[in-house]
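Notes to accompany the following structure.
All figures in this text were calculated on a predicted structure; none of them were measured in a lab.
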Amino acid sequence: MAVAARKAGRAGSGAANKTTSTKGSTRGAAPNSPQFDKNQDLSAYNEMLLIRRFEEKSGQMYGMGLIGGFCHLYIGQEAVVVGMQMATKEGDQVITGYRDHGHMLACGMDAKGVMAELTGRRGGLSKGKGGSMHMFSKEKHFYGGHGIVGAQVSLGTGIAFANHYRENGNVCLTYFGDGAANQGQVYESFNMAQLWKLPVVYVIENNRYAMGTSVSRASAQTDFSKRGVSFGIPGEQVDGMDIRAVYAAGQRAIEHARSGKGPYILEMQTYRYRGHSMSDPAKYRTKDEVTRMREEHDPIEQVRRRLLESWKLSEDELKAIDSKVREIVNEAAEFATHDPEPDPSELYTDILL
């Protein structure tokens with residue numbers, strides 16, 4: 001599905017570039033968001049719905065005790081990674097933090113392999129040894145999944161340095177959250193990336209609450225798109241709940257980085273519906289706030305309305321898409337439940353001394 005999304009994105013890039021959005025808000029869709037054609041909307045709907053249903057199933061399996069350790073769900077933020085992936089080309093890399101299942105699926109990683117890793121089975125993408133927060137796929141150019149807050153920013157900058165050194169034309173998308181944006185290593189990375197004009201796009205997924213504290217209480221500068229100003233790094237705020245705005249901003253940022261102009265910062269103003277992790281009751285916000293975001297700004301519902309109203313799909317056609325997605329997720333859960341656990345000998349493999 002992820003490959004289809006990228007192809008659909010490139011096919012409709014002309015339409016998407018007719019208008020652009022330099023500053024968005026989760027308070028509503030940007031009035032000048034680019035228009036998607038039918039194929040782009042269908043592809044975006046499939047991709048985001050797969051992530052949503054996968055995460056819902058992951059939450060259920062965690063509650064049943066089938067997934068251990070930490071588990072951070074991406075529900076509500078689907079438009080960010082799907083829109084960005086639509087703007088990439090083959091060879092571009094992705095690295096992120098611990099809220100990573102959606103990124104894996106958007107990169108084209110197999111749902112069975114992702115779910116098997118969550119349950120610690122040998123068919124998992126890290127052989128069952130990485131769990132929810134540490135999964136990798138060299139084939140899909142996905143470099144984790146990292147549990148240390150902000151660590152992936154330095155690593156993503158290093159990947160971009162490798163691209164620069166090899167002159168391969170690839171760009172590294174480096175994702176981190178509003179909480180990680182206050183880490184010191186982030187700014188060391190910004191400085192190096194701008195000094196050497198590295199091909200990296202820093203995607204700040206601002207879901208407002210970090211680990212449970214509102215950005216207004218934790219950050220002196222709440223406009224995260226300006227975090228690179230002192231280094232001369234351009235940035236912009238984007239309505240991260242509108243996949244069209246994400247895609248258009250992603251095109252601009254990736255082209256900037258790929259053309260040798262250096263790093264670019266995108267602050268995606270998004271929202272997570274669940275707590276920071278499965279153990280977080282999220283009492284720091286009201287139920288009304290969550291309900292309002294779901295009803296007024298849900299990224300999947302926005303596309304669903306366009307499919308019904310603009311492209312004249314029927315409810316039955318959309319139900320068929322949902323049924324197919326659920327089938328993929330259920331098959332992944334079935335595989336992850338019955339796949340054998342890693343052999344004890346795996347304890348002594350993949351160790352860097």
Met104 and Phe136: CA distance, side-chain angles, deciding distance, side chain to side chain contact (heavy atoms under 4.5 Å, CB included) verdict: CA-CA 8 Å; Met104 298 169 191; Phe136 305 84; over 6 Å; no
Lys112 with Asp110: basic N within carboxylate O range, under 4.0 Å: no
For a 4.5 angstrom cut-off between non-hydrogen side-chain atoms, does Ile159 reach Ile95? yes
Between Tyr74 and His103 (judged by ring centroids, cut-off 6.0 Å), do the two rings come close enough to count as a pair? yes
Could you tell me whether Arg304 and Glu315 have a side-chain N and a carboxylate O separated by less than 4.0 Å? yes
Do the side chain of Lys127 and the main chain of Gly124 share a donor and acceptor less than 3.5 angstrom apart? no
Mark yes or no for whether Gln183, through its side chain, and Gln185, through its backbone, hold a donor-acceptor pair below 3.5 Å. no
Would you say that Met133 contacts Phe70 through its side chain, given a criterion of any heavy-atom pair below 4.5 Å between the two side chains? yes
Are the side chains of Gln77 and Arg99 in touch, meaning some heavy atoms are under 4.5 Å apart? yes
Applying side chain to side chain contact (heavy atoms under 4.5 Å, CB included) to Val303 and Arg306, what does each step give before you reach the verdict? CA-CA 5 Å; Val303 180; Arg306 291 200 297 272; 3.5 Å; yes
Are any side-chain N or O atoms of Ser310 and backbone N or O atoms of Leu307, one a donor and one an acceptor, separated by less than 3.5 Å? no
Which atoms form the tightest heavy-atom contact between His72 and Ser132, and what is the distance? N-OG, 4.3 Å
Point-to-point distance, once rounded to the nearest 0.5 Å, from CD of Glu55 to CG of Leu50: 10.0 Å
Give a yes-or-no answer on whether the side chains of Asp288 and Thr286 include a donor-acceptor pair shorter than 3.5 Å. no
Correct closest heavy-atom pair for Pro263 and Pro234 would be O-CD, 3.7 Å
dist Leu266:CG -> Glu205:CD (nearest 0.5 Å) comes out at 11.0 Å
Does Ile351, at its CD1 atom, have more than 12 non-hydrogen atoms belonging to other residues, nucleotides or ligands within less than 6.0 Å? yes
Under 4.5 Å between any side-chain heavy atoms of Glu188 and Ser154, yes or no? no
Can you tell whether the side chains of Asp339 and Arg122 come within less than 4.0 Å, N to carboxylate O? no
How far does NZ of Lys57 sit from CZ of Phe54, to the nearest 0.5 angstrom? 11.0 Å
Determine whether the side chains of Glu267 and Asn206 contain a donor N or O and an acceptor N or O closer than 3.5 Å. yes
Closest non-hydrogen atom pair between Val201 and Ala257, with its separation: CG2-CB, 4.1 Å
Distance-minimising heavy-atom pair for Gly240 and Ala79: O-CB, 3.5 Å
Tyr273 backbone acceptor or donor facing Arg294 side chain under 3.5 Å: no
Ignoring hydrogens and angles, tell me if any N or O in the side chain of His101 forms a donor-acceptor pair with the backbone of Tyr98 under 3.5 Å. no
Intermediate values then yes/no, salt bridge (charged side-chain N to carboxylate O under 4.0 Å, His left out), Arg208 and Asp178: CA-CA 7 Å; Arg208 301 188 182 190; Asp178 48 288; over 6 Å; no
Aromatic ring pairing Phe190/Phe176, orientation class (parallel under 30°, perpendicular over 60°, tilted between): tilted
Is the count of non-hydrogen atoms from other residues, nucleotides or ligands lying under 6.0 Å from Lys129 atom NZ greater than 12? yes
Kindly give the heavy-atom pair with the smallest separation between Ala160 and Pro199, and that separation in Å. O-CD, 3.4 Å
Salt bridge flag under 4.0 Å for residues Asp41 and Arg244: no
Checking side-chain polar atoms at under 3.5 Å, does Gln93 have a donor or acceptor matched by the opposite partner on Asn163? yes
Would one find more than 12 heavy atoms of other residues, nucleotides or ligands at under 6.0 Å from atom CE of Met278? yes
Among side-chain atoms of Glu90 and His141, is any donor-acceptor pair under 3.5 angstrom? yes
Compute the centroid of each ring, for His276 and then for Tyr209, and state whether the two points are separated by less than 6.0 Å. no
Whether Asp92 side chain and Lys89 backbone form a donor-acceptor pair below 3.5 Å: yes
Does the Glu117 side chain pair with the main chain of Leu125, one donor and one acceptor, at a distance under 3.5 Å? yes
Tell me, do Lys319 and Asp322 make a side-chain contact under 4.5 Å, heavy atoms counted? no
Going by distance alone, is a donor N or O of one side chain under 3.5 Å from an acceptor N or O of the other, for Arg53 and Asn330? no
Exercise: do Ser314 and Asp316 side chains pair donor with acceptor under 3.5 Å: no
Is any side-chain heavy atom of Leu313 closer than 4.5 Å to a side-chain heavy atom of Leu42? yes
With no hydrogens and no angle check, do the side chains of Tyr202 and Thr157 hold a donor and an acceptor under 3.5 Å apart? yes
When rounded to the nearest 0.5 angstrom, what is the spacing between CE in Met241 and OG1 in Thr270? 5.0 Å
Could you tell me if the side chain of Val81 sits less than 4.5 Å from the side chain of Tyr175, heavy atoms only? yes
Answer yes or no: is there a donor N or O on one side and an acceptor on the other, between the side chain of Ser43 and the main chain of Asn39, under 3.5 Å? no
Is it true that a side-chain atom of Asp239 and a backbone atom of Ala245 form a donor plus acceptor pair closer than 3.5 Å? no
Measuring from Glu78:CD to Ile51:CD1, what's the distance to the nearest 0.5 Å? 6.0 Å
For atom CG of Leu195, is the number of surrounding heavy atoms from other residues, nucleotides or ligands below 6.0 Å larger than 12? yes
Would you please test Met293 and Asp298 for side chain to side chain contact (heavy atoms under 4.5 Å, CB included) and show each step? CA-CA 6 Å; Met293 291 300 298; Asp298 185 77; over 6 Å; no
Would you name the heavy atoms of Ala87 and Gly250 that are closest together and state the gap between them? CB-C, 3.8 Å
Is Glu236 salt-bridged to Arg252, going by a charged N under 4.0 Å from an acidic O? yes
Using the rule side-chain contact (heavy atoms from CB on, under 4.5 Å), only one of Thr119, Leu118, Leu66, Val114 pairs with Ser58; which is it? Leu118
Is it the case that one hydrophobic cluster holds both Met86 and Val94, taking links as side-chain heavy atoms less than 4.5 Å apart, direct or via other members? yes
What's the spacing between Asp100 CG and Phe142 CZ if we round to 0.5 Å? 5.0 Å
Please work out which of the three classes, parallel, tilted or perpendicular, describes the rings of Phe231 and Tyr187, given edges at 30° and 60°. parallel
For the side chain of Arg166 and the backbone of Asn168, is there at least one donor-acceptor N/O pair under 3.5 Å apart? no
Side chain to side chain contact (heavy atoms under 4.5 Å, CB included) between Cys107 and Gln85, intermediate numbers included: CA-CA 7 Å; Cys107 287; Gln85 284 301 113; 4.0 Å; yes
Taking the side chain as C-beta and beyond, is there a heavy-atom pair between Arg52 and Pro299 under 4.5 Å? yes
Polar side chain donor-acceptor pair, Tyr271 to Glu289, under 3.5 angstrom: yes
